[in-house]
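Residue numbering restarts at 1 for every chain, and letters A, B, ... go by the order of the sequence lines.
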Protein chains: 2
Amino acid sequence: MNIKEVSDRSGLPAKTIRYYEDIGLVRPLRAENGYRAFREQDVHKLAFLGRARALGFSIDDCRTLLALYQDNRRESAHVKAVAEDHLRQIDEKIAQLDAMRNTLAHLVRACHGDDRPDCPILEDLADPPARGS
Amino acid sequence: MNIKEVSDRSGLPAKTIRYYEDIGLVRPLRAENGYRAFREQDVHKLAFLGRARALGFSIDDCRTLLALYQDNRRESAHVKAVAEDHLRQIDEKIAQLDAMRNTLAHLVRACHGDDRPDCPILEDLADPPARGS
DNA sequence: TATAGGGCTTCCAGTAACTGGAAGCTCAAC
DNA sequence: GTTGAGCTTCCAGTTACTGGAAGCCCTATA
(Lines give C-alpha, C1' and ligand atoms only; values in the text may rest on other atoms or scores of the structure.)
Protein backbone atom coordinates (compact mmCIF):
# COMPACT_ATOMS: atom_id res chain seq x y z
CA MET A 1 0.00 0.00 0.00
CA ASN A 2 1.44 3.39 -0.96
CA ILE A 3 1.49 6.41 1.27
CA LYS A 4 -1.44 8.20 -0.33
CA GLU A 5 -3.85 5.38 0.39
CA VAL A 6 -2.57 5.14 3.94
CA SER A 7 -3.06 8.86 4.29
CA ASP A 8 -6.65 8.57 3.09
CA ARG A 9 -7.40 5.62 5.33
CA SER A 10 -5.70 6.90 8.47
CA GLY A 11 -6.69 10.53 8.04
CA LEU A 12 -3.09 11.65 8.52
CA PRO A 13 -1.26 13.81 5.95
CA ALA A 14 1.46 11.97 4.04
CA LYS A 15 3.98 14.43 5.46
CA THR A 16 2.99 13.46 8.96
CA ILE A 17 3.24 9.76 8.20
CA ARG A 18 6.78 10.23 6.90
CA TYR A 19 7.56 12.22 9.99
CA TYR A 20 6.21 9.46 12.20
CA GLU A 21 8.49 7.02 10.42
CA ASP A 22 11.40 9.41 10.93
CA ILE A 23 10.89 9.41 14.66
CA GLY A 24 10.33 5.69 14.79
CA LEU A 25 6.60 5.48 15.46
CA VAL A 26 5.98 3.27 12.43
CA ARG A 27 8.32 1.14 10.37
CA PRO A 28 6.78 0.44 6.98
CA LEU A 29 8.59 -1.95 4.63
CA ARG A 30 10.16 -0.72 1.43
CA ALA A 31 9.36 -1.84 -2.09
CA GLU A 32 12.17 -2.35 -4.61
CA ASN A 33 11.57 1.06 -6.13
CA GLY A 34 12.19 2.71 -2.77
CA TYR A 35 8.54 3.45 -2.10
CA ARG A 36 7.22 2.77 1.38
CA ALA A 37 5.14 -0.40 1.48
CA PHE A 38 2.57 -0.20 4.28
CA ARG A 39 0.80 -3.19 5.77
CA GLU A 40 -2.60 -3.26 7.43
CA GLN A 41 -0.95 -3.14 10.83
CA ASP A 42 0.81 0.07 9.85
CA VAL A 43 -2.47 1.70 8.90
CA HIS A 44 -3.98 0.51 12.16
CA LYS A 45 -1.07 1.94 14.13
CA LEU A 46 -1.29 5.25 12.34
CA ALA A 47 -5.02 5.52 12.96
CA PHE A 48 -4.33 4.76 16.62
CA LEU A 49 -1.77 7.56 16.67
CA GLY A 50 -4.14 9.93 14.95
CA ARG A 51 -6.78 9.33 17.59
CA ALA A 52 -4.35 9.64 20.47
CA ARG A 53 -3.07 12.91 19.03
CA ALA A 54 -6.64 14.10 18.58
CA LEU A 55 -7.11 13.57 22.32
CA GLY A 56 -4.13 15.83 22.82
CA PHE A 57 -1.59 13.23 23.88
CA SER A 58 1.99 14.26 23.16
CA ILE A 59 4.08 12.26 20.74
CA ASP A 60 5.92 10.92 23.72
CA ASP A 61 2.70 9.79 25.36
CA CYS A 62 1.69 8.26 22.05
CA ARG A 63 4.87 6.26 22.00
CA THR A 64 4.11 4.97 25.48
CA LEU A 65 0.48 4.21 24.66
CA LEU A 66 1.46 2.38 21.52
CA ALA A 67 3.97 0.28 23.42
CA LEU A 68 1.35 -0.55 26.04
CA TYR A 69 -1.14 -1.39 23.34
CA GLN A 70 1.27 -3.86 21.83
CA ASP A 71 2.23 -5.39 25.14
CA ASN A 72 -0.47 -7.83 26.09
CA ARG A 73 1.01 -8.25 29.55
CA ARG A 74 0.45 -4.55 30.28
CA GLU A 75 -1.37 -3.40 33.39
CA SER A 76 -4.32 -1.18 32.67
CA ALA A 77 -3.21 0.91 35.66
CA HIS A 78 -0.27 2.07 33.60
CA VAL A 79 -2.47 3.23 30.76
CA LYS A 80 -4.85 4.88 33.16
CA ALA A 81 -2.01 6.75 34.86
CA VAL A 82 -0.86 8.20 31.54
CA ALA A 83 -4.39 9.25 30.68
CA GLU A 84 -5.05 10.76 34.10
CA ASP A 85 -1.89 12.74 33.93
CA HIS A 86 -2.86 14.10 30.57
CA LEU A 87 -6.33 14.86 31.85
CA ARG A 88 -4.85 16.92 34.65
CA GLN A 89 -2.78 18.88 32.16
CA ILE A 90 -5.84 19.56 30.05
CA ASP A 91 -7.68 20.77 33.13
CA GLU A 92 -4.86 23.12 33.97
CA LYS A 93 -4.79 24.46 30.46
CA ILE A 94 -8.53 25.01 30.49
CA ALA A 95 -8.32 26.83 33.81
CA GLN A 96 -5.58 29.05 32.41
CA LEU A 97 -7.57 29.83 29.29
CA ASP A 98 -10.69 30.48 31.31
CA ALA A 99 -8.85 33.03 33.38
CA MET A 100 -7.55 34.76 30.27
CA ARG A 101 -10.98 34.61 28.75
CA ASN A 102 -12.59 36.26 31.72
CA THR A 103 -10.15 39.13 31.93
CA LEU A 104 -10.21 39.64 28.21
CA ALA A 105 -13.99 39.46 27.88
CA HIS A 106 -14.29 42.00 30.63
CA LEU A 107 -11.93 44.38 28.87
CA VAL A 108 -13.58 43.91 25.52
CA ARG A 109 -16.97 44.72 27.01
CA ALA A 110 -15.55 47.88 28.54
CA CYS A 111 -14.13 49.15 25.25
CA HIS A 112 -16.34 51.39 23.15
CA GLY A 113 -14.74 50.27 19.95
CA ASP A 114 -15.28 53.49 18.06
CA ASP A 115 -13.07 56.02 16.30
CA ARG A 116 -11.77 57.60 19.50
CA PRO A 117 -8.44 56.64 21.05
CA ASP A 118 -9.65 56.01 24.62
CA CYS A 119 -9.36 52.33 25.29
CA PRO A 120 -9.70 50.40 28.56
CA ILE A 121 -7.91 47.46 27.02
CA LEU A 122 -4.73 49.41 26.40
CA GLU A 123 -5.09 51.18 29.72
CA ASP A 124 -5.21 47.89 31.52
CA LEU A 125 -2.19 46.55 29.69
CA ALA A 126 -0.25 49.72 30.37
CA ASP A 127 -1.17 50.00 33.99
CA PRO A 128 -3.54 47.44 35.46
CA PRO A 129 -5.43 48.18 38.66
CA ALA A 130 -3.91 46.23 41.56
CA ARG A 131 -5.62 42.88 42.04
CA GLY A 132 -6.98 41.75 45.36
CA SER A 133 -5.85 43.76 48.41
CA MET B 1 19.46 50.51 34.28
CA ASN B 2 20.96 47.08 33.66
CA ILE B 3 19.06 44.08 32.45
CA LYS B 4 18.78 42.36 35.81
CA GLU B 5 16.91 45.23 37.39
CA VAL B 6 14.63 45.48 34.38
CA SER B 7 14.00 41.77 34.65
CA ASP B 8 13.04 42.15 38.32
CA ARG B 9 10.82 45.12 37.67
CA SER B 10 9.08 43.85 34.55
CA GLY B 11 8.83 40.24 35.67
CA LEU B 12 10.36 39.03 32.42
CA PRO B 13 13.47 36.80 32.32
CA ALA B 14 16.59 38.55 31.06
CA LYS B 15 16.72 36.05 28.22
CA THR B 16 13.27 37.07 27.12
CA ILE B 17 14.13 40.75 27.26
CA ARG B 18 17.13 40.18 25.01
CA TYR B 19 14.92 38.19 22.71
CA TYR B 20 12.40 41.02 22.59
CA GLU B 21 15.17 43.36 21.61
CA ASP B 22 16.28 40.91 18.93
CA ILE B 23 12.87 40.94 17.32
CA GLY B 24 12.55 44.67 17.66
CA LEU B 25 9.95 45.00 20.41
CA VAL B 26 12.20 47.20 22.54
CA ARG B 27 15.24 49.26 21.68
CA PRO B 28 17.27 49.98 24.81
CA LEU B 29 20.25 52.29 24.54
CA ARG B 30 23.79 51.02 24.98
CA ALA B 31 26.33 52.09 27.55
CA GLU B 32 29.95 52.52 26.55
CA ASN B 33 30.85 49.12 27.94
CA GLY B 34 28.35 47.48 25.61
CA TYR B 35 25.78 46.84 28.32
CA ARG B 36 22.15 47.58 27.52
CA ALA B 37 20.99 50.80 29.17
CA PHE B 38 17.25 50.69 29.79
CA ARG B 39 15.10 53.74 30.42
CA GLU B 40 11.84 53.91 32.35
CA GLN B 41 9.89 53.79 29.11
CA ASP B 42 11.60 50.52 28.22
CA VAL B 43 10.57 48.97 31.52
CA HIS B 44 7.04 50.21 30.97
CA LYS B 45 6.95 48.73 27.49
CA LEU B 46 8.26 45.41 28.72
CA ALA B 47 5.70 45.24 31.49
CA PHE B 48 3.02 46.00 28.90
CA LEU B 49 4.33 43.15 26.79
CA GLY B 50 4.43 40.82 29.76
CA ARG B 51 0.78 41.51 30.53
CA ALA B 52 -0.31 41.16 26.92
CA ARG B 53 1.51 37.83 26.71
CA ALA B 54 -0.09 36.74 29.95
CA LEU B 55 -3.46 37.31 28.30
CA GLY B 56 -2.34 34.98 25.55
CA PHE B 57 -1.75 37.51 22.80
CA SER B 58 0.79 36.37 20.23
CA ILE B 59 4.01 38.29 19.77
CA ASP B 60 2.55 39.61 16.56
CA ASP B 61 -0.55 40.84 18.34
CA CYS B 62 1.70 42.37 20.98
CA ARG B 63 3.52 44.28 18.30
CA THR B 64 0.24 45.62 17.00
CA LEU B 65 -1.07 46.49 20.46
CA LEU B 66 2.14 48.26 21.34
CA ALA B 67 1.97 50.28 18.15
CA LEU B 68 -1.63 51.21 18.88
CA TYR B 69 -0.72 52.11 22.43
CA GLN B 70 1.92 54.49 21.18
CA ASP B 71 -0.30 56.00 18.53
CA ASN B 72 -2.53 58.56 20.22
CA ARG B 73 -4.58 58.93 17.07
CA ARG B 74 -5.58 55.26 17.23
CA GLU B 75 -9.20 54.19 17.07
CA SER B 76 -10.27 52.05 19.98
CA ALA B 77 -12.20 49.97 17.45
CA HIS B 78 -8.90 48.70 16.15
CA VAL B 79 -7.76 47.57 19.56
CA LYS B 80 -11.11 46.00 20.26
CA ALA B 81 -11.00 44.08 16.99
CA VAL B 82 -7.63 42.57 17.88
CA ALA B 83 -8.88 41.62 21.32
CA GLU B 84 -12.13 40.16 20.03
CA ASP B 85 -10.28 38.09 17.51
CA HIS B 86 -8.06 36.74 20.20
CA LEU B 87 -11.04 36.07 22.42
CA ARG B 88 -12.62 34.01 19.66
CA GLN B 89 -9.46 31.97 19.34
CA ILE B 90 -9.39 31.36 23.06
CA ASP B 91 -13.00 30.24 22.94
CA GLU B 92 -12.22 27.82 20.15
CA LYS B 93 -9.29 26.43 22.04
CA ILE B 94 -11.38 25.99 25.16
CA ALA B 95 -14.09 24.22 23.19
CA GLN B 96 -11.50 21.90 21.71
CA LEU B 97 -10.00 21.13 25.10
CA ASP B 98 -13.42 20.60 26.61
CA ALA B 99 -14.21 18.05 23.96
CA MET B 100 -10.94 16.24 24.61
CA ARG B 101 -11.55 16.45 28.32
CA ASN B 102 -14.98 14.88 28.03
CA THR B 103 -13.89 11.97 25.91
CA LEU B 104 -10.82 11.39 28.01
CA ALA B 105 -12.61 11.65 31.34
CA HIS B 106 -15.16 9.17 30.11
CA LEU B 107 -12.47 6.68 29.12
CA VAL B 108 -10.55 7.14 32.35
CA ARG B 109 -13.68 6.44 34.36
CA ALA B 110 -14.27 3.29 32.36
CA CYS B 111 -10.78 1.92 32.97
CA HIS B 112 -10.30 -0.32 35.99
CA GLY B 113 -6.69 0.71 36.41
CA ASP B 114 -5.51 -2.55 37.92
CA ASP B 115 -2.90 -5.18 37.06
CA ARG B 116 -4.91 -6.71 34.24
CA PRO B 117 -4.35 -5.78 30.59
CA ASP B 118 -7.98 -5.07 29.64
CA CYS B 119 -8.28 -1.38 28.99
CA PRO B 120 -11.15 0.62 27.48
CA ILE B 121 -8.78 3.50 26.80
CA LEU B 122 -6.59 1.48 24.49
CA GLU B 123 -9.60 -0.24 22.99
CA ASP B 124 -11.07 3.10 22.09
CA LEU B 125 -7.86 4.34 20.55
CA ALA B 126 -7.45 1.15 18.59
CA ASP B 127 -11.00 0.96 17.35
CA PRO B 128 -13.44 3.61 18.52
CA PRO B 129 -17.18 2.98 18.34
CA ALA B 130 -18.71 4.93 15.47
CA ARG B 131 -19.93 8.34 16.57
CA GLY B 132 -23.43 9.60 15.90
CA SER B 133 -25.77 7.68 13.53
C1' DT C 1 47.98 44.43 42.31
C1' DA C 2 46.21 40.01 41.41
C1' DT C 3 42.28 37.48 41.43
C1' DA C 4 37.72 35.70 42.29
C1' DG C 5 32.88 36.33 41.64
C1' DG C 6 29.02 37.74 39.44
C1' DG C 7 26.88 40.26 35.75
C1' DC C 8 26.97 41.29 31.21
C1' DT C 9 27.77 40.19 26.14
C1' DT C 10 27.07 37.27 21.70
C1' DC C 11 26.09 33.18 19.30
C1' DC C 12 24.51 28.51 18.57
C1' DA C 13 21.47 24.77 19.40
C1' DG C 14 17.29 22.76 21.01
C1' DT C 15 12.32 22.58 22.07
C1' DA C 16 7.09 20.30 19.72
C1' DA C 17 5.12 18.57 15.95
C1' DC C 18 4.81 19.25 12.04
C1' DT C 19 4.58 21.89 7.18
C1' DG C 20 6.19 23.88 2.76
C1' DG C 21 9.06 23.58 -0.94
C1' DA C 22 12.81 22.18 -4.07
C1' DA C 23 15.14 18.68 -6.77
C1' DG C 24 14.79 14.50 -8.64
C1' DC C 25 13.36 9.41 -9.40
C1' DT C 26 9.28 6.19 -10.84
C1' DC C 27 5.30 4.72 -12.88
C1' DA C 28 1.10 4.48 -15.75
C1' DA C 29 -1.21 6.23 -19.67
C1' DC C 30 -1.65 8.04 -24.15
C1' DG D 1 8.50 9.08 -25.78
C1' DT D 2 6.61 12.27 -23.19
C1' DT D 3 3.50 14.06 -19.82
C1' DG D 4 1.83 14.29 -15.26
C1' DA D 5 0.99 12.40 -10.95
C1' DG D 6 3.04 10.18 -7.12
C1' DC D 7 6.88 9.01 -4.68
C1' DT D 8 11.60 10.00 -2.64
C1' DT D 9 15.01 12.87 0.36
C1' DC D 10 16.60 16.95 2.42
C1' DC D 11 16.47 21.62 4.07
C1' DA D 12 14.21 25.46 6.07
C1' DG D 13 10.61 27.66 8.65
C1' DT D 14 7.09 27.88 12.27
C1' DT D 15 6.34 29.96 17.96
C1' DA D 16 8.40 31.97 21.70
C1' DC D 17 11.52 31.27 24.03
C1' DT D 18 15.44 28.60 26.91
C1' DG D 19 20.00 26.50 27.97
C1' DG D 20 24.67 26.67 27.53
C1' DA D 21 29.35 27.98 26.07
C1' DA D 22 32.97 31.36 25.53
C1' DG D 23 34.45 35.52 26.83
C1' DC D 24 34.44 40.63 28.32
C1' DC D 25 33.50 43.91 32.38
C1' DC D 26 33.22 45.50 37.01
C1' DT D 27 33.76 45.44 41.96
C1' DA D 28 35.61 43.80 46.16
C1' DT D 29 38.81 41.61 48.80
C1' DA D 30 43.53 39.65 50.10
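Nearest-nucleotide positions on DNA chain D place B:K15 closer to the 5' end than the other of B:E32 and B:K15.
Under a cut-off of 6.0 angstrom, the local environment of NE2 in A:H44 is crowded, with over 12 non-hydrogen atoms contributed by other residues, nucleotides or ligands.
The phosphate of C:dA16 (OP1 or OP2) has no side-chain N or O of A:Y19 nearer than 4.0 angstrom. Distances shown here put every side-chain N or O of B:R63 at or beyond 4.0 Å from the OP1 or OP2 atom of D:dT15. Distances shown here put every side-chain N or O of B:T16 at or beyond 4.0 Å from the OP1 or OP2 atom of D:dA16. OP1 or OP2 of C:dC27 sits under 4.0 Å from a side-chain N or O of A:N33. Between A:R18 and D:dT8 there is a side-chain N or O to OP1 or OP2 distance below 4.0 Å.
B:I3 comes within 4.0 angstrom of the backbone, heavy atoms only, and of no base. Nucleic acid contact for B:F57: none, since no nucleic acid atom lies under 4.0 Å from a heavy atom of the residue.
Remark: P of C:dA16 and CG of A:L25 are 13 Å apart, rounded to the nearest angstrom. Look at CG on A:D8: it is 13 Å from C1' on D:dG6, rounded to the nearest Å.
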Please list, one pair per line, the donor and acceptor atoms closer than 3.5 Å that link side chains of residues 25-32 of chain A to other protein atoms, with sequence neighbours excluded.
residue : atom : partner : partner atom : Å
A:R30   : NH1  : A:G34   : O            : 3.0
A:R30   : NH2  : A:E21   : OE1          : 3.3
A:R30   : NH2  : A:E21   : OE2          : 3.3

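Evaluation of atom-type donor-acceptor distances gives no pair under 3.5 Å for the side chain of B:K4 against the base of C:dG6.
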Exercise. Could you check B:M1 against B:R36 for side chain to side chain contact (heavy atoms under 4.5 Å, CB included), going step by step and ending with a plain yes or no?
Key: CA-CA 8 Å; B:M1 198 180 333; B:R36 288 170 182 80; over 6 Å; no
